[in-house]
Student: 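Structure below; questions to follow.
Only a predicted model underlies this, so the values are computations on that prediction, with no experimental measurement involved.
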Amino acid sequence: MPPKKKAEIRGMVQLKKELTEGTIRNLYLLYGSERYLLRQYKEILLKKLVNDGDTMNFSSYQGASADIRSILSDLSTMPFLAEHRVVLVENSGFFTKSVDELTDGLANLPDTGIVIFVEPDIIKASETARGVDKRGRLFKLFDKAEGAFCFDAPDDETLRTWITGRLAEAGKKVENGVPNRLLAAVGSDMSTLDTELEKLISYTMEKDAIRVADVEAITVTLAEDKVFDMVDAISSRNKEKALLLYNDLVELREPVMKILYLINQQYHRLAMVSQMLADGTPKENMAKLAGFMPFLRGKYTSLASNYTKKQLLGACEACLAADQAIKTGQLSDRNALERLILDLMAL
């Protein structure tokens, strides 16, 4: 007996093709981890399906305000001087639980009703949970109708192509290395990349081509900045702020090992600055010796003064221990990093 063919995961390419061809569905589910694409394609769908200013035939629900009976009532109401009534439902959580009333109602949706669900993954500091359960009846209804579209984070190759394409649309030639340098500077979050691309285009307004030097001039290494702020919060024993900054890094999809590396780097720099202050090293030499930008000298000297030499050496040892715990399989990378943050706060 031949193996069962794995179900196709429909995504951006399929939805874009359908909209270009004029295919309209009654059931749409946009889900996944890439919030930038979810937001973008939600707007594309609404522009396609809802006339500007038409509040008679459009309604939206958000989170806890998403009432099943109200949604079904809106969808079953005949449109006024339009072909469809459109209902947008975001972050409802319906696709992670049993909602038979909604599933049965949508299974009998009139041709004049169109519903768009947008269910992003739920990202927390310690875990990432899917916004949909593919085993549930509701998801299966959308999947069977070919209305479920997954928008997960693209791989680096896709992102490089997207970056080059965005810059080409602005009439820019792109030097080899620009996409990689941009990804290294700001990470793979598409919303952040889009913002940096707009800045880059504005910065090079008078130029025909964008070079790596332009990227370096305009971008800010967000991860390093956030880690510095996190170390500052740790030194102040501000657990809430430290964990909030850590959560920001998780949402930016920074790899755990990169975050650990940057924390370790910051504490090594602080240890060096502390020693240089004790040795009377000229301040103008500190940045070059410790490996940071000269304008950050004041921040480093101020932060180093919050620690004793023993505490800074202990912090470096704690970073090494966390690295070893991950590499030897004693702890998962996230558990090791979160424990490290708490250990550093207890120094």
Student: Any side chain to side chain donor-acceptor pair (under 3.5 Å) involving residues 98-113? Give me the pairs, sequence neighbours left out, ordered by first then second residue.
Tutor: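 Found Arg69-Glu101, Asp100-Arg137, Asp104-Arg137.
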
Student: Going by the rule salt bridge (Lys or Arg N to Asp or Glu O under 4.0 Å), which residues pair with Glu83 if we only count those two or more places apart in sequence or in a different chain?
Tutor: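 With sequence neighbours excluded, Glu83 shows a salt bridge (Lys or Arg N to Asp or Glu O under 4.0 Å) to no residue whatsoever.
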
Student: Keeping to residues at least two apart or across chains, list the salt bridge (Lys or Arg N to Asp or Glu O under 4.0 Å) pairs with something in residues 229-243.
Tutor: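 The answer is none; no pair qualifies.
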
Student: Linking Ile, Leu, Val, Met, Phe, Trp and Tyr through side-chain heavy atoms less than 4.5 Å apart, which residues share a cluster with Leu244?
Tutor: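 None; Leu244 is a cluster of one.
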
Student: Keeping to residues at least two apart or across chains, list the ring pair (Phe, Tyr, Trp, His ring centres under 6.0 Å) pairs with something in residues 91-112.
Tutor: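 Residue pairs passing ring pair (Phe, Tyr, Trp, His ring centres under 6.0 Å), neighbours aside: Phe95-Phe117, Phe95-Phe142.
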
Student: Among pairs that include at least one residue of residues 58-85, which meet ring pair (Phe, Tyr, Trp, His ring centres under 6.0 Å), considering only residues two or more places apart or in two chains?
Tutor: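 Counting only pairs at least two positions apart or across chains, no ring pair (Phe, Tyr, Trp, His ring centres under 6.0 Å) contact touches residues 58-85.
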
Student: What about Tyr41 and Phe149, are their ring centers closer than 6.0 Å?
Tutor: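 Ring centres of Phe149 and Tyr41 not closer than 6.0 Å.
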
Student: Holding to side chain to side chain donor-acceptor pair (under 3.5 Å), I want the full list of residues that pass it with Asn176, two or more places apart in sequence or in another chain.
Tutor: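 Side chain to side chain donor-acceptor pair (under 3.5 Å) check on Asn176 returns nothing, list empty.
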
Student: Checking Lys144 now: which residues fulfil salt bridge (Lys or Arg N to Asp or Glu O under 4.0 Å) with it, not counting sequence neighbours?
Tutor: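 For Lys144, no residue satisfies salt bridge (Lys or Arg N to Asp or Glu O under 4.0 Å) once neighbours in sequence are set aside.
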
Student: Which pairs with one or both residues in residues 300-342 pass ring pair (Phe, Tyr, Trp, His ring centres under 6.0 Å), sequence neighbours excluded?
Tutor: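 Every ring pair (Phe, Tyr, Trp, His ring centres under 6.0 Å) pair that includes a residue of residues 300-342, provided the two are not neighbours, is Phe228-Tyr300, Tyr267-Tyr307, Phe292-Tyr300.
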
Student: Could you note down all residue pairs passing salt bridge (Lys or Arg N to Asp or Glu O under 4.0 Å) where residues 298-317 supplies at least one of them, sequence neighbours left out?
Tutor: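 Those involving residues 298-317 do not exist here.
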
Student: Taking atom types as modelled, is there a side-chain donor on Asp214 or Thr204 under 3.5 Å from an acceptor on the other?
Tutor: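 Their side chains do not contain a donor-acceptor pair, so the 3.5 Å distance test is not met.
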
Student: Which pairs count as salt bridge (Lys or Arg N to Asp or Glu O under 4.0 Å) when at least one residue sits in residues 12-27, sequence neighbours excluded?
Tutor: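 Non-adjacent pairs meeting salt bridge (Lys or Arg N to Asp or Glu O under 4.0 Å): Arg10-Glu18, Lys17-Glu21, Glu18-Arg25, Arg25-Glu146.
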
Student: Holding to side chain to side chain donor-acceptor pair (under 3.5 Å), I want the full list of residues that pass it with Lys42, two or more places apart in sequence or in another chain.
Tutor: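 Counting only residues at least two positions away or on another chain, Lys42 forms a side chain to side chain donor-acceptor pair (under 3.5 Å) with Glu90.
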
